[in-house]
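Since the structure comes first, as structure tokens, the remarks are kept for the end.
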Amino acid sequence: MTADRIIEIKKLAVDYQTDETKLRAVTQIDLSIDKNDFICVLGPSGCGKSTLLNVIAGFIPPSEGSILMQGQPVVGPDWNRGVVFQSASLYPWMSVRQNVEFGPKIKGLPKGQVSEIATHFLKQIHLLDVEDLPPFQLSGGMRQRVALARALANEPAILLLDEPFGALDALTRIHMQQLVRTIWKENKNTIFMITHDVDEALALGTRLLVMSKSPGSIIREFQSDFSYAVDQKTGRLQLDEKYLALREEILNLIDI
Amino acid sequence: MTADRIIEIKKLAVDYQTDETKLRAVTQIDLSIDKNDFICVLGPSGCGKSTLLNVIAGFIPPSEGSILMQGQPVVGPDWNRGVVFQSASLYPWMSVRQNVEFGPKIKGLPKGQVSEIATHFLKQIHLLDVEDLPPFQLSGGMRQRVALARALANEPAILLLDEPFGALDALTRIHMQQLVRTIWKENKNTIFMITHDVDEALALGTRLLVMSKSPGSIIREFQSDFSYAVDQKTGRLQLDEKYLALREEILNLIDI
Amino acid sequence: MKEGKNHRRLTIVTWLVIFLVWYVITEFGLVSHLIIPSPKEVLNTFVDIVKNGYNGIPFWKHLGISLLRLFLASGLAIVTAVPLGLLSGYFKKVGAIVDSIVQFYRPLPPLAYYIVLILWLGIGESSKVTLLFLAAFAPIYIACVSAVKNIQLEYLLSAQSLGAKGKDLFYRIVVPACLPDIFTSIRTAVGVAYTTLVSAEMIAATSGVGWMVLDASRYLKSSVIFVGIIVMGITGVLIDLGLRTIENKIIFWKGYQ
Amino acid sequence: MKEGKNHRRLTIVTWLVIFLVWYVITEFGLVSHLIIPSPKEVLNTFVDIVKNGYNGIPFWKHLGISLLRLFLASGLAIVTAVPLGLLSGYFKKVGAIVDSIVQFYRPLPPLAYYIVLILWLGIGESSKVTLLFLAAFAPIYIACVSAVKNIQLEYLLSAQSLGAKGKDLFYRIVVPACLPDIFTSIRTAVGVAYTTLVSAEMIAATSGVGWMVLDASRYLKSSVIFVGIIVMGITGVLIDLGLRTIENKIIFWKGYQ
Amino acid sequence: GSQNSSSDLPEEVKIGYLRVPNDEMVSKTKDLFDAYFSELGISYEFIIFDSGAEANQALASGSIDFASMGNTNAIIALARGIDVEMIWIHEVLGEIEGLAVKEGSGIMTAQDLVGQKIATPFASTSHYILLNYLKENGIADQVELLDMPTADIVAAWERGDINAAYTWQPSLGELTKTGSILVDSADMAEEGYITANVLLVQKEFSSNYPDLVAGFIKVLSQGGDIYRADAQEAADSVATELAITSDQALSQMSGSIWLTPEEELSEEYMGTSDSPGHFAQIMKDTADFLAEQKSIDSAPSQEAFNEYLNPLYIEMSLE
Ligand SMILES: Nc1ncnc2c1ncn2[C@@H]1O[C@H](COP(=O)(O)OP(=O)(O)OP(=O)(O)O)[C@@H](O)[C@H]1O
Ligand SMILES: Nc1ncnc2c1ncn2[C@@H]1O[C@H](COP(=O)(O)OP(=O)(O)OP(=O)(O)O)[C@@H](O)[C@H]1O
Ligand SMILES: [Mg+2]
Ligand SMILES: [Mg+2]
């Protein structure tokens, strides 16, 4: 285990108890996540992607196997693992700024520092000018940006994103991808992201995990470096033959 | 005006009345739709795409200009213009079959014929085996297919689709696109579809309309024939230089 | 699940504790049996009433007549409030006429207008049923109005695009789309009518569980009062359970709008 | 909008027609003024009561004492039912203990247990306020339990991932997430308590608008009854309007959950 | 009587009373109670009850010290074990309560009542007399009895829902505007069915403050004295509070028999501490009837009634 190892999952399996029967959602998962990894997880619907993320987040305990975070077993959610869901779960009774300040405030940081942090990340997502609005006055894309800033504000060791752009339209999605890419590069974050969109995974991830259908296990891992080959201005991928070949290979894997 | 002219829109503008002010949603729209056209409409969020579709459907009267359907002014919704929305508005109190039979039944067709029509279209969308289930037991993609069959069952002169696949995941979306393409070819339908996804528009449409931001007007029209160049088995586009160039041009137009 | 079982056990223990406390404070004479009759007294009274009736009328008749009044009034309320509410929601003009009247009488305590009902309708069943009817009407009406206003717009638009209009649209789309809300409101309405039962049986009644409790309270027959309350409590819970069962059967798509 | 104006006009016309019918049938003696007093009589009575009071007590005192009872009871219900309901929803064990008790007494007609309250608490203000309190308690409690159960799971999960737990989670997330439902239930509860007002003022009261109506009906003073009903109707509507205004101020995010 | 030291006095006295023209009402409206309690320096509160049933509830909950009610309710109080005693008879009910039948209804005799609805407030003295009247005439199970408050009776009468009702003034007066009296409580008293409004006191209260109770009775008899000296003055005095005219008050007052303390102590009524009076027996008979009707579980014994009617405080008030 290197010093930069953040998550270490071994022989993980998760069962859901439904009425009388047990449903195995994921099985035989071995996975380590290192600092500065940008992992994108692909797989057919219902294969257990969210289940895996929830185990890492600490929302669900493993049924079998183990999960360690920086050497310590994960026993529940905490601020070290930030989470962003598909639909921004921003608190509507707090302003944009209060949402972002929530984590640092809970941590008990001094007021000045809390507000400094919030300002920093609001700036990074380009929403400092709407900091006093309630979240429901923002567009869907803006809301996801705030959710991102809220998770970043805690400076967690790893960021877990569950289809963060799934509810956005195609154009907004491209802009969000560009933003996440920039942030990841600037902040040197570690990111674990679930997506349905192969292009998105290719455009962002350094490691692409493909899961089998239920009960899900990781059937392939691809290393990708297209994220470095994205048009800096538009955020669009410069497609080439190599890209298309990889894309085709992944689609064939998922599309059963 | 040829015999195949289905919709003829001239100098259309639509205003929304909000409290004290008027909001012009679309302006200066001139558009004719001919038989067997597959029109895809692209444009930034809020530019008036749905408004235009609603006018064609007859849900909203034009504030200025005129809209004719086969030479007659459109005065309200009727079965000649079928509509499918983003979230399938299937009636949960009817079974899948009853949903599809709704249109023909309302038309007053004899029972035998109604059930024949439903069977035909259920077969076309490959859902004959779930005809007795209530819609809420289907997956999102299946539901959209039923909504499509329901609209098709009336054999309307034109099909209006408002981001029909917007809520589906990437893979299901590709399958749906393939299905629509097949149906369109088989039935020789006329389709007017709104989408956010340039790839989707390129993969399906014969005519691509690009709208400007609010108040929306049609700023460019592209003829496209990529729909004939799609892999018949996987439904995936065989990307090439020409495609990428066009894609880039459209994105530049929308992404302001 | 095991957790659920534990909670059921906790609920049972709660009631056992209540009974135990009840038993202890009455058995050891901590309070007068006039104020709280002992469980034994209440049980004996219950057996006696079931066997011999109350005031010369068999117990089942008391319960029966009360339930008859309740269901008659609720039925009338459903039959009138549902169409009127749906129309009020559908045609704004009907709403403009009916809404404010309902809004005005709704907050009124039934006992305030009960004498007016007697003056208008007499002392027979009609004034009792009307009182219950009025209690049940408002919740159903208001729910129907808001149900129509909250129908998913897509339901209406797509139905119109499929060729439905007028009656077809109303009966095949509007009514079923509102059914879940209507059913919820019926449960509320029956509950509200039920809480008005005693008020209704204050009017020139000599039968009904509500009247029984009232009469017993005049003679300070605490054990009869307790029997009445317990019977009404259990009946109330059972009625709601029954309605909920029917609801789940009919509105199978509930929650999937 | 113009349509809205037209509808308001229709509402006004509706009430004018009601008044006209009332005027005509009383003016031309179509019904005894015992059964329906004329608008003039009612107005005169109103003026008289406002000027000279009823039964030696000024009108404002009657109204004041009734509202005091109502608000005291509602306040108590809020202060107790909200925490208890939230805890019941949050900790399943608390729910297992309290739920079934509330479910049992909720459908009971208040008049059925009023006599028990009097025997326990006496005839003073405490039994009156308790009766109204019990009427208001159940709706708030039940709404709070279900509000907690229906909190968007993402709110809780993301808060935990931001480091919130225990008290922070409860006060900063659970409570505000439930506030919209809590407020709706408070409006319901005050309404329910209001309809129980006359029952509460039935026994051993000599003041309150509810008592006024009851006393008037004892002496068949129809015009006083009508004044009482109209005053109660308007007050009820105003209370709800007031609560709704407060709600819109506090729960600014309502409907955007 | 001997004066108590102030520490022997309660801080406040609560009195439940009925809205009828009797000695208590005269004393109250003549401010005699006010004078009495002011002199003792204790506060007091009069609370109206619409029926003895409510007064009993208040007594049972310990909310009041004194309560006036019909003797049937006083029996219920004893039978249900409320810790009270009966210390005074306000008035023996006569024409003030009666059975009104509607003009033109064709009801002339008791037998004509067969098949009719008859309204009366249940658990009242009227209810008791009506039941006995029906029983005497052998038609007890051939009529339909309706349980209604007096106001509802008038309303139902006006509407024509009922043709017969046993009730008391002032509602009886409303009925006789379009009806006549078939029988009244004075007639029935001659048959031995005597009813009266009586005064109960909490036993704990009377044993703690016997002098106060005696004083209270003295004030009551002073009210009676006013009536006996000048009926018109008494009528004028109560008319306002009862919201009726003096004439109405006068006629209602004359419809019942008011007793002096000496009469109360006579053999016919309360008797003395040494020898119980006849009224205890009337109460026992009434109780037997109520038990038969299952209004009470069982009738208390004669001894219980002898003890229940306590003339001690009347005797003290005369000392
Ligand atoms: N709370 C639960 N109880 C029971 N079964 C569950 C639960 N959550 C998920 N499942 C089941 O576990 C399996 C995996 O679910 P999961 O949500 O992890 O899949 P997913 O890959 O995230 O799917 P999607 O792409 O649709 O989000 C599915 O079959 C699902 O039905
Ligand atoms: N019912 C309405 N009342 C008032 N304004 C409306 C209404 N519907 C739409 N608008 C406004 O009209 C403009 C065009 O809306 P429209 O829904 O047609 O856009 P769109 O292109 O379909 O957007 P999207 O891509 O988000 O679906 C927007 O500014 C919108 O806010
Ligand atoms: Mg998922
Ligand atoms: Mg749109």
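Worth saying up front: this structure is predicted, and the values here are computed from it rather than measured.
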Select one option (side chain, backbone, both, neither) describing which atoms of E/Asp152 are under 4.5 Å from chain D's heavy atoms. neither

Output the distance between atom CD1 (D/Ile118) and atom CG (E/Asn56), rounded to the nearest 0.5 Å. 12.5 Å

Relative to chain D, which segment of E/Leu59 carries a heavy atom at a distance below 4.5 Å: side chain, backbone, both, or neither? neither

Chain E contacts, top residue of D/Leu121, D/Asn55, D/Leu119 (heavy-atom pairs, under 4.5 Å): D/Leu119

Is the CG atom of D/Asn44 crowded by more than 12 outside heavy atoms at less than 6.0 Å? yes

For the student: nearest non-hydrogen atoms of D/Ser217 and E/Ala151, plus distance: O-CB, 2.9 Å

Does atom NZ of E/Lys102 have more than 12 heavy-atom neighbours from other groups under 6.0 Å away? yes

Hey, which of E/Ser61, E/Ala58, E/Ala243 has the most heavy atom pairs under 4.5 Å with chain D? E/Ser61

So for E/Gln57, is it side chain, backbone, both, or neither that comes closer than 4.5 Å to the heavy atoms of chain D? both

Between D/Ile123 and E/Ser63, the two heavy atoms sitting closest are N-OG, 2.9 Å

Distance check, rounded to the nearest 0.5 Å: D/Thr206 atom OG1 versus E/Glu45 atom CD? 7.5 Å

Return yes when atom CD of E/Gln293 has more than 12 non-hydrogen atoms of other residues, nucleotides or ligands closer than 6.0 Å, and no otherwise. yes

